[in-house]
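Positions are given from 1 along the sequence.
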Amino acid sequence: MSSVLRERIISAKADLKSKTTKAGWILPRQSSSFADPDAWTNIDCDVTPLDRRTWSAWTMFGYWFSDALNAQSWQAPASIIALGLTWREAVVCIIFGSLTCTVPLVLNGVIGAKLHIPFPVAMRASFGWYFARFAIVTRAITALFWHAIQTYTGSVAMTQIIRSIWPSYLDIPNHIPESVGITTQGMVSHLIFWTVQFPILLIPPHKLKWFFVAKCVLVITTSVAMVITMTRKAGGSGEIWNLPYQVHGTDRSWLILSSLSSITGGWATMATNIPDFTRYLRSDRGVYWQVAFLPGIQLMIGLFGIICCSAAKVVYGRYIWDPLEIAAQWDGPAGRCGAFFVGLCWVVAQIGTNLSANVISCANDICCLFPKYINIRRGVIITTVTAAWIMQPWKIIYSAQSLLAFMAGLGIFLAPIAAMLSADYWIVHERKIDVPGLYRARGRYRYNEYGTNWRAAVAFLVSVVPSLPGMAATVNPSIAPSIGDANKLYFMFYFWGFTSAFVVYCALSYFFPATETQVPATIYDDLDGIEADAGDKDSDVQDEKKAAEVESSPV
């Protein structure tokens with residue numbers, strides 16, 4: 001036993017010593033890659049091997065529970081009702097906003113399920129070898145910010161767990177200046193939550209399905225228990241169902257459209273890089289169930305929030321949309337016990353959301369940008385350290401409300417990216433992609449010496465530019481009067497952004513086709529055991545390959 005331990009210590013020391021040089025960080029070259037001989041790649045950038053395609057439709061169901069069940073989804077109706085609308089509009093916005101998101105989720109999800117490639121690689125077919133990096137960086141920045149915010153929310157949940165066991169935890173003296181935006185106690189909670197979350201984030205994506213299932217059971221059980229508890233305390237669900245309209249006429253119509261677009265924009269990130277997850281599916285059938293999964297889960301958690309918020313008005317005299325703030329009101333042995341489980345529920349929920357929506361996505365992006373030095377594991381470490389500590393999420397939430405508004409506005413950049421990803425696969429290339437060509441710098445998807453598909457660049461500008469004045473007015477309200485009605489387009493930024501980019505990209509590709517990128521059928525590589533699905537209409541390509549091999553083989 002001691003000899004084994006000694007060998008491990010020696011090995012660890014040697015590994016640490018090698019990391020003192022740049023060469024020590026180089027990852028092993030993957031022999032199974034489609035990349036050029038002089039290029040570097042790794043298994044996380046490559047086509048998903050057969051042994052990693054472990055997800056099913058039920059895994060996707062658990063995945064969406066993991067993504068949608070978080071404190072922000074619970075609070076989703078708050079912004080809508082706070083603007084002067086009622087719970088009816090909140091429900092309508094949640095349902096139709098979520099349904100709108102399922103369009104790109106399905107269209108782009110099929111790409112991952114059919115080709116088993118990550119989002120950064122899939123983008124090369126439409127944007128080109130180099131221009132695709134712009135889309136990758138945009139998505140990575142969004143993931144970093146949201147990982148920071150979700151992690152800080154998890155820290156607040158951790159506070160409820162600790163104070164339910166040791167109430168004096170809330171009395172820790174503060175030695176941090178107010179300008180920093182966090183207290184000593186809050187910093188301790190943040191450190192503890194991050195320490196708990198960190199090893200879970202290192203689990204490989206294809207092994208996460210049971211975590212999604214566990215989160216599903218825990219969050220639903222705790223949420224239902226919380227609804228029952230609050231309605232019993234209030235003697236009913238409260239009066240929120242009878243709140244009058246605060247906005248009327250055309251202003252109300254625009255407000256509904258704006259709220260609907262906000263719900264849609266909240267899922268813009270996942271609608272863009274959903275191939276990062278569907279690449280692990282055994283069959284593409286699991287993709288289509290998203291049409292029912294996302295709206296149903298969003299509506300359920302939103303109604304939980306509405307009911308508990310309304311009951312809180314009766315019990316505590318004010319509307320409380322944050323489930324953790326409601327739990328913070330519970331004292332005494334029974335109350336602290338309930339606060340413990342609520343805190344545990346949302347700790348798991350925030351970790352699950354970070355896994356499904358932020359960390360893995362950003363790690364995939366970084367991994368494909370720097371495949372020689374970064375794999376998924378290293379990408380996760382870089383992402384979580386940067387977001388949780390370097391970006392200081394407490395500072396973002398405390399003093400940068402305009403920055404949060406800007407983050408929501410990033411949907412205007414993600415909408416055209418998602419649109420062109422789906423338009424290229426379904427319309428322009430008619431589901432016929434040269435998969436090995438996506439991995440080659442001088443392959444058919446380079447488009448030109450600059451590695452840029454000008455059609456995608458034009459469509460991106462047409463989609464984004466008209467929405468910029470509205471986004472600027474949201475970040476800085478003082479300029480709103482100077483732009484007049486130009487900000488109204490921003491109220492429907494995702495509808496405009498996705499539709500305009502989709503149509504313009506298809507039109508330009510039709511009248512100015514990039515014929516060098518067209519193939520008669522999807523090209524797979526047999527070296528990795530990649531084969532077309534038995535029911536896929538492109539399976540005849542595989543049959544032709546196999547027939548040619550038989551004919552050319554010696555008798």
Side-chain angles (χ1 to χ4, degrees), residues 35 39 41 45 104 108 111-112 117-147 265 268-276 358 360-372 374 379 382-383 386 406-425 428-429 433 437-468 471-472 493-494 496-498 500-502 504-506 508-509 514 517:
T41 187
C45 295
N108 293 332
I111 299 174
I117 56 177
F119 158 74
V121 174
M123 283 307 307
R124 295 169 184 168
S126 55
F127 273 48
W129 181 262
Y130 288 121
F131 191 38
R133 297 182 182 181
F134 169 77
I136 296 169
V137 171
T138 301
R139 174 63 187 100
I141 292 174
T142 308
L144 276 173
F145 273 98
W146 283 118
H147 177 46
T269 52
M270 288 310 305
T272 304
N273 72 294
I274 188 64
D276 284 340
N358 302 318
I360 294 175
S361 303
C362 187
N364 262 312
D365 296 340
I366 301 174
C367 172
C368 289
L369 287 173
F370 308 102
K372 187 173 183 178
I374 299 175
I382 293 172
T383 299
T386 301
F406 174 74
M407 283 304 302
L410 275 179
I412 72 173
F413 297 97
L414 295 174
I417 293 174
M420 284 183 276
L421 180 61
S422 54
D424 183 83
Y425 179 73
V428 176
H429 287 117
I433 299 294
L438 293 171
Y439 289 87
R440 288 159 188 163
R442 294 288 174 178
R444 68 175 72 248
Y445 299 111
R446 186 179 179 90
Y447 287 95
N448 51 42
E449 282 300 311
Y450 303 103
T452 300
N453 182 3
W454 65 267
R455 304 159 193 81
V458 171
F460 184 85
L461 292 175
V462 170
S463 171
V464 170
V465 171
S467 296
L468 290 178
M471 188 187 75
F493 69 86
Y494 199 84
W496 161 258
F498 188 90
S500 61
F502 194 102
V504 171
Y505 181 75
C506 289
L508 291 176
S509 298
T517 67

- Provide the closest heavy-atom pair for Ala271 versus Ala418 in the form atom of the first, atom of the second, distance. O-CB, 4.0 Å
- Query: Considering all heavy atoms of both residues, which atom of Gly379 and which atom of Ala363 are nearest to each other, and what is their separation?
  - Reply: C-CB, 3.6 Å
- Taking only residues two or more places apart in sequence or in another chain, which ones pass side-chain hydrogen bond (donor to acceptor under 3.5 Å, both in side chains) with Thr272? none
Distance from [X] atom [atom1] to [Y] atom [atom2], nearest 0.5 Å?
| X | Y | atom1 | atom2 | answer |
| --- | --- | --- | --- | --- |
| Ile141 | Ile136 | CD1 | CD1 | 12.0 Å |
| Asp276 | Asn364 | CG | CG | 4.0 Å |
| Ile417 | Asn273 | CD1 | CG | 10.5 Å |
| Leu421 | Ile111 | CG | CD1 | 4.0 Å |
| Thr269 | Phe145 | OG1 | CZ | 14.0 Å |

Distance-only donor-acceptor hits, side chain of residues 119-130, under 3.5 Å, sequence neighbours excluded:
unit_1: Arg124; atom_1: NH1; unit_2: Leu438; atom_2: O; d: 2.8
unit_1: Ser126; atom_1: OG; unit_2: Met123; atom_2: O; d: 3.3

- Under 4.5 Å between any side-chain heavy atoms of Phe131 and Asn453, yes or no? no
- Quick one: list whatever passes ring-ring contact (aromatic ring centres under 6.0 Å, His included) with Tyr447, sequence neighbours left out. none
- Message: According to salt bridge (charged side-chain N to carboxylate O under 4.0 Å, His left out), does anything in residues 446-460 pair up with another residue at least two apart or in another chain? List the pairs.
- Response: Arg442-Glu449
- Message: Heavy-atom count check: over 12 atoms from other residues, nucleotides or ligands less than 6.0 Å from Phe134 CZ?
- Response: yes
- Query: Who passes side chain to side chain contact (heavy atoms under 4.5 Å, CB included) against Ser422, sequence neighbours left out?
  - Reply: Leu107, Asn108, Trp426, Phe498, Phe502
- Can you name the salt bridge (charged side-chain N to carboxylate O under 4.0 Å, His left out) partners of Arg444, sequence neighbours left out? Asp434
- Message: I'd like to know if the side chain of Asp365 and the backbone of Leu369 have a donor-acceptor N/O pair within less than 3.5 Å.
- Response: no
